[in-house]
Protein chains: 2
Amino acid sequence: MTKDTFYIPRLAIVGVGLIGGSLALALREAGAVGEVIGIGRGLANLEKALELGIVDRITQDAVAGTREADLVFLATPVCKLGEVAAAIIPHLKRGAVITDGGSVKAQVIAAIEPLLRPGVSFVPGHPIAGTEKSGAEAAFATLYHHRRCILTPTQNTESDALEMVERMWRTAGSEVVVMDAEKHDRILAAISHLPHMVAYSLVNAVGSYDRYEENILEYSAGGFRDFTRIASSDPSMWRDIALTNRAALLEMMERFEHFLAELKEDVRSGEGERLYEFFQRSKELRDNIL
Amino acid sequence: MTKDTFYIPRLAIVGVGLIGGSLALALREAGAVGEVIGIGRGLANLEKALELGIVDRITQDAVAGTREADLVFLATPVCKLGEVAAAIIPHLKRGAVITDGGSVKAQVIAAIEPLLRPGVSFVPGHPIAGTEKSGAEAAFATLYHHRRCILTPTQNTESDALEMVERMWRTAGSEVVVMDAEKHDRILAAISHLPHMVAYSLVNAVGSYDRYEENILEYSAGGFRDFTRIASSDPSMWRDIALTNRAALLEMMERFEHFLAELKEDVRSGEGERLYEFFQRSKELRDNIL
Ligand SMILES: NC(=O)c1ccc[n+]([C@@H]2O[C@H](COP(=O)([O-])OP(=O)(O)OC[C@H]3O[C@@H](n4cnc5c(N)ncnc54)[C@H](OP(=O)(O)O)[C@@H]3O)[C@@H](O)[C@H]2O)c1
Ligand SMILES: NC(=O)c1ccc[n+]([C@@H]2O[C@H](COP(=O)([O-])OP(=O)(O)OC[C@H]3O[C@@H](n4cnc5c(N)ncnc54)[C@H](OP(=O)(O)O)[C@@H]3O)[C@@H](O)[C@H]2O)c1
């Protein structure tokens, strides 16, 4: 093991779902972990994780499972992160580093930082990767390959701990980007949280249209299916995100409403040229991210 | 050739793009056509169509190209359908059948039916299939396989002509559904036209967010890309649809706005349970169409 190789003797994953499980698999595949302990509430999911080789050992006791860990990855739903941190922090060993994968950062920092004590560091993070599936079964080793992972250190974050977590994500295949939590929350509100709200609203609006007896969704072709795939995401995860990134999300929802209202007015008044320009501008923006 | 086999001695395709070109390819592959004549404005696209074996002969003269046709498929942008029909109908041979693939039906019927004369029939249609690509190069023979094609005959539509067009679409691999034009326009407004308006608005709202120097779309992962793929669709096609299905589209845009506003209020007031229910209902509706 050279000095440059990233290696964690004991890694604890609290919440062995898509995000936690995939990190464990990625680090294992890279030979970058000794023992991996999986912590969760439900036994069935933990046993699945064990069976799939995601973790070496499982426990429903978060304190026991993290006590000896060098690195603790919190990957529970966002609203549970503070609770879990409060339970485990008093019992972590000296030098332990906690990091998380929560989709919202300012609120998670506000919940966890006040709980810290000397010798325990916290590095807030969020891998920009995911699918609409959840649970240990959804995890796979390459989820983070060629994805970005955003870390949002605060003035309290120790640089050694930050460096360790950066190296961890690079080892898992990601490009690490560091920014402040507020910026993270606004960018994610725009590119992820707003689209989910829009997709959920769209499916509800269309799926409950009952003017005709048949289910009109049966007429939908590939476009609608792709467009609404994200509306299959876990409702409790999105409830948590909507509750914890409220300000940025409301700002973006209003921004979107404004654009949609402008478009509606052009439809109403039959403004062909303006409609063309609106669609053309959008197509250009979209084609640029292909 | 048994009596039951569908066969068109001479087929004219006006607008050899994704929709027109794919029908030609599908019927050719089924051995269901004699000669296929491709009609368009731009020579480059027509030559491409010839080169790709989509058509046997090309012309920029719609009258000359359709004069001897048994079946004429109009697959130009929606707003051009009436114009093309007006030009060719006086010169079609007795017994000729016209059908179209326009995404909007009531307005197309209003434009074409008054132009008909004895011996020339019109069967309004719309294949529910497509991609975000256009032009002859985008055409492929299996586009219509296992897709629905909606036909919207009126009281003036001859039953023989309707039957012929039904058989044509079945031969191309589609399931034919017959309904009235108004119902078609509302269903399509819901499952296709509204989602496109939403996607275009979303990409514009997010892509023009310039609070930060970098292009925030670069942070978008797979979800955003899939979600917004339909915003890459042809702007002029969507301008035409927005102009010609205005009433149904406005109704659906308002319906959607209502659902989004409801969701926004729940975000604003932090209504966790209501948010969960909203997302859960949407997930159920969405998972049902998987
Ligand atoms: N999915 C995505 O696309 C995505 C992307 C980036 C970040 N994230 C974030 O990553 C985190 C996890 O998301 P995920 O998609 O991996 O969800 P997931 O697949 O549902 O996994 C979450 C896991 O946490 C466990 N858990 C829940 N409450 C717990 C508690 N109090 N103590 C211990 N374990 C608990 C769950 O198991 P039990 O219920 O059995 O305990 C479950 O296995 C969330 O914060 C989310 O915001 C998600
Ligand atoms: N794309 C979809 O997803 C989809 C699905 C179902 C139905 N539709 C409908 O199908 C029709 C065609 O759409 P598409 O996607 O196939 O578009 P496309 O690929 O752009 O093809 C349209 C073709 O029409 C030609 N054209 C335009 N104006 C013309 C005119 N005045 N006379 C003769 N040819 C003309 C164009 O070539 P030139 O410009 O060189 O003339 C082009 O090749 C539209 O009415 C659309 O609403 C589309």
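Just so it is clear: chains get the letters A, B, ... in the order the sequence lines come, proteins before strands, and each one is counted from 1.
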Residue among [options] with most heavy-atom pairs under 4.5 Å to chain B:
| options | result |
| --- | --- |
| A:His196, A:Arg268, A:Met252 | A:Arg268 |
| A:Ala242, A:Pro195, A:Ala190 | A:Pro195 |
| A:Lys183, A:Met197, A:Glu257 | A:Lys183 |
| A:Ala189, A:Ser208, A:Ala247 | A:Ser208 |
| A:Val177, A:Val198, A:Leu194 | A:Val198 |
| A:Met253, A:Lys264, A:Arg274 | A:Lys264 |

Which bit of [X] comes within less than 4.5 Å of chain A, counting heavy atoms only: side chain, backbone, both or neither?
| X | result |
| --- | --- |
| B:Glu214 | side chain |
| B:Tyr212 | side chain |
| B:Ser236 | both |
| B:Arg281 | both |
| B:Leu188 | neither |
| B:Glu251 | side chain |
| B:Arg211 | side chain |
| B:Ile128 | both |

Do you know which two heavy atoms are closest between [X] and [Y], and how far apart they sit?
| X | Y | answer |
| --- | --- | --- |
| A:Leu260 | B:Ser201 | CD1-OG, 3.3 Å |
| A:Ile191 | B:Ile216 | CG2-O, 3.5 Å |
| B:Leu285 | A:Gly207 | CD2-O, 3.8 Å |
| A:Ser232 | B:Asp287 | OG-OD1, 2.5 Å |
| B:Phe279 | A:Pro235 | CD1-O, 3.6 Å |

For [X], which atoms come within 4.5 Å of any heavy atom of chain B: side chain, backbone, both, or neither?
| X | answer |
| --- | --- |
| A:Thr228 | both |
| A:Leu202 | both |
| A:Met237 | neither |
| A:Ile230 | side chain |
| A:Glu262 | neither |

Item to check | Value rounded to 0.5 Å, distance of CG in B:Asp240 from OH in A:Tyr276 | outcome: 11.0 Å
Item to check | SB check A:Arg239 B:Glu277 (cutoff 4.0 Å) | outcome: no
Next on the checklist: So that I can tick it off, tell me whether A:Lys283 and B:Glu132 are bridged by a salt bridge, with the cut-off set at under 4.0 angstrom between side-chain N and carboxylate O.
Outcome noted: no
Item to check | Criterion side-chain contact (heavy atoms from CB on, under 4.5 Å) on A:Leu217 and B:Asn288, from CA distance to verdict | outcome: CA-CA 9 Å; A:Leu217 290 182; B:Asn288 276 341; over 6 Å; no
Checklist entry - Looking at B:Glu254, B:Arg255, B:Gln280, which has the largest count of heavy-atom pairs under 4.5 Å with chain A? => result B:Arg255
Checklist entry - If you tally heavy-atom pairs under 4.5 Å against chain A, which of B:Leu275, B:Val203, B:Thr131 wins? => result B:Val203
Checklist entry - Relative to the ring of B:Phe227, is the ring of A:Phe227 parallel (under 30°), tilted (30 to 60°) or perpendicular (over 60°)? => result parallel
Checklist entry - Are the side chain of B:Arg286 and the backbone N or O of A:Ala231 linked by a donor-acceptor pair below 3.5 Å? => result no
Checklist entry - When you look at B:Tyr219 and A:Ile150, which way does the side-chain contact (heavy atoms from CB on, under 4.5 Å) test go after all the steps? => result CA-CA 10 Å; B:Tyr219 288 95; A:Ile150 301 179; 4.0 Å; yes
Checklist entry - Between the side chains of A:Ser282 and B:Asn204, is a donor N or O closer than 3.5 angstrom to an acceptor N or O? => result no
Next on the checklist: I'd like to know whether A:Val267 forms a side-chain contact (heavy atoms from CB on, under 4.5 Å) with B:Leu250, so could you lay out the CA-CA distance, the side-chain angles of the two residues, the decisive distance to 0.1 Å, and finally the verdict.
Outcome noted: CA-CA 7 Å; A:Val267 172; B:Leu250 285 172; 3.9 Å; yes
